[in-house]
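Shown next, in C-alpha cells, is the structure this report addresses.
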Amino acid sequence: NNNNNNNKNKNDNVKKNSSISLSNTSSIMNGSRRANITSKREINRLLAIFPRLRDFSKIKISLWLIPPAGEVTHMIQQEIESLARMQDTPTFSPHITLVGGIEVNHREIVRIIMSLKKELSGFGAVPCKFDRVQGIVAAYKDDEKKICHWNQSTVAILNREEKLIEAIKIARKILLNENHDVDIISMTHFFTAPTCEPHLSLAYAHQFLGSCIVNKDVPPDFEAKEVALWRTDPSSLEGVKKWYQIECFSLC
C-alpha cells in the first residue's frame, strides 16, 4: 500500500510539473509570438511612412537632440525666426545634431529607427551646456569675403558633456556602423567642420548674423529628453524648406 501511494504521488508530481512546464512554454511562445506581431506591425507602420520610395531610392537623414517644450525652446525658436526674417532665409526647428547627412534607403531607415529605439530607450536626459566663453560664432569658408558655411553661419557652441558624447557614439554606431572607444578630446573628427564642435544653430545663411545678436548671450542650458530623425535633403540652404521629421521618441 505504501508503495502504491508513493507511486501515485510521484505520478501526480510528474503531471503537475509537466503542466507547469507546458504552461511556461506556452507563455514563452505566446510572448514571442506577440513580440513578432508587434515587430511586424512596427515595420509595416514605418514602411508606410515612405509610400513613394522604392528600395533603391536614397535620401539623407539626420538625428537631432530636441530641446524640451517650454520657455527655453520658445525663446530659441523666436530667435531663429527673427534672424530668418532679417535675411529672408529659411527657418527651422531648434536642435543639436548627433549625426547628420547620412544617405540611406527607406528599408535601412526602418532598421535604424528600431535600433535607435532599442539602444536609446531609457538612456536618460542629455545635458546641453553652452560654452559661454566662445559665445555665438560663425564658421567661415572664405575669411576675406566673410562667406560662411550656410549651416554653421551663426551657432552657439556646446561643451562636450559626457552624456552628449555617449549619445553621439550610439548614434554613429547605428547610423554609420562605427564603434569608437575614444576619449572626449579625441572626438574632434566626430563633429562637422569647420567648427568641429557640437553646436546649436541660430541661423542658416551665407553671412554671419552675429551683428544682429551682438548684445545677446548664448541660449540657456537645458536637458534634451527626446531625439528626432529628420529627412534633411536637399542638403542646401534652399533645400531646408523641404526637410521634415520622420520619427521622434523619448530618451527617458
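Being a predicted model, the structure only gives us computed values, none of them experimental.
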message: Evaluate Val227 against Leu116 for side chain to side chain contact (heavy atoms under 4.5 Å, CB included), listing each step before the verdict.
response: CA-CA 9 Å; Val227 289; Leu116 285 170; over 6 Å; no

message: In the structure I gave you, are the side-chain heavy atoms of Pro220 and Met75 within less than 4.5 Å of one another anywhere?
response: yes

- request: Answer yes or no: does atom NZ of Lys163 have more than 12 heavy-atom neighbours from other residues, nucleotides or ligands under 6.0 Å?
  value: yes

query: Atom NE2 of His199 and atom CZ of Phe130: how far apart are they, to the nearest 0.5 Å?
result: 11.0 Å

Under 3.5 Å, side-chain donor or acceptor atoms of residues 232-239 against the rest of the protein: list the pairs with distances, not counting sequence neighbours.
{"unit_1": "Thr232", "atom_1": "OG1", "unit_2": "Ser62", "atom_2": "OG", "d": "2.8"}
{"unit_1": "Asp233", "atom_1": "OD1", "unit_2": "Arg231", "atom_2": "NE", "d": "2.6"}
{"unit_1": "Asp233", "atom_1": "OD2", "unit_2": "Lys60", "atom_2": "N", "d": "3.1"}
{"unit_1": "Ser235", "atom_1": "OG", "unit_2": "Thr232", "atom_2": "O", "d": "3.2"}
{"unit_1": "Ser236", "atom_1": "OG", "unit_2": "Gly239", "atom_2": "N", "d": "3.0"}

- prompt: Does Thr154 use its side chain to pair, donor to acceptor, with the backbone of Ala203 at less than 3.5 Å?
  reply: no

- prompt: Leu98 and side-chain contact (heavy atoms from CB on, under 4.5 Å): which partner among Ile168, Leu175, Val126?
  reply: Ile168

- prompt: Any idea which heavy atoms bring Pro94 and Pro67 closest together, and the distance?
  reply: O-CD, 3.3 Å

message: Going by side-chain hydrogen bond (donor to acceptor under 3.5 Å, both in side chains), name the residues that satisfy it together with Glu108, two or more places apart in sequence or in a different chain.
response: none

Non-neighbouring partners of Pro198 that pass side chain to side chain contact (heavy atoms under 4.5 Å, CB included), sequence neighbours left out: Leu158, Arg160, Leu164, Phe191

message: Contact between Leu63 and Ile102 at the side-chain level, heavy atoms closer than 4.5 Å - yes or no?
response: no

Partner set under side-chain hydrogen bond (donor to acceptor under 3.5 Å, both in side chains) for Glu119, not counting sequence neighbours: none

field: Minimum heavy-atom distance Pro127-Glu223, with the two atoms named
entry: CA-CG, 4.2 Å

- request: Go through Ile113 and Ile246 one step at a time and tell me if the side chain to side chain contact (heavy atoms under 4.5 Å, CB included) criterion holds.
  value: CA-CA 9 Å; Ile113 290 174; Ile246 296 170; 4.0 Å; yes

field: Those residues that, when tested against Thr91, pass side chain to side chain contact (heavy atoms under 4.5 Å, CB included) (two or more places apart)
entry: Gln77, Ile80, Glu81, Ala84

query: Side chains of Phe222 and Ile96: closer than 4.5 Å at any heavy-atom pair?
result: yes

query: Can you name the nearest heavy-atom pair linking Leu251 to Ala224, along with the distance?
result: CD1-O, 3.7 Å

task: Apply side chain to side chain contact (heavy atoms under 4.5 Å, CB included) to Val240 and list each qualifying residue two or more places apart in sequence or on a separate chain.
output: Pro90, Phe92, Trp150, Tyr204, Trp243

- line: residues 153-172 vs ring-ring contact (aromatic ring centres under 6.0 Å, His included), sequence neighbours excluded, gives none

Selection residues 61-85 - residue pairs positive for ring-ring contact (aromatic ring centres under 6.0 Å, His included), sequence neighbours left out: Trp64-His95, Trp64-Trp230

task: Measure the shortest side-chain to side-chain distance between Ile112 and Ile61 over non-hydrogen atoms and say whether it is less than 4.5 angstrom.
output: yes

- prompt: Residues in side-chain hydrogen bond (donor to acceptor under 3.5 Å, both in side chains) with Glu103, at least two apart?
  reply: none

message: Donor-acceptor pair, distance only, cut-off 3.5 Å: does the side chain of Thr73 make one with the backbone of Pro68?
response: yes

query: If two hydrophobic side chains count as joined below 4.5 Å and joins carry through other members, does Ile157 share a cluster with Leu202?
result: no

Counterpart residues, side-chain hydrogen bond (donor to acceptor under 3.5 Å, both in side chains), relative to Gln152 (two or more places apart): Thr195

- prompt: According to a 4.5 Å side-chain heavy-atom criterion applied to Ile, Leu, Val, Met, Phe, Trp and Tyr, with indirect links allowed, do Val133 and Ile136 form part of one hydrophobic cluster?
  reply: no

query: Where do Phe249 and Glu247 come nearest, in terms of heavy atoms and distance?
result: CD2-CG, 4.0 Å

Salt bridge (charged side-chain N to carboxylate O under 4.0 Å, His left out) contacts touching residues 120-140 (sequence neighbours left out): Arg132-Asp217, Arg132-Asp221

- prompt: CD of Gln134 to CG of Asn159: how many Å apart, nearest 0.5 Å?
  reply: 9.0 Å

message: If the condition is side chain to side chain contact (heavy atoms under 4.5 Å, CB included), which residues does Ser250 pass it with, not counting sequence neighbours?
response: Cys252

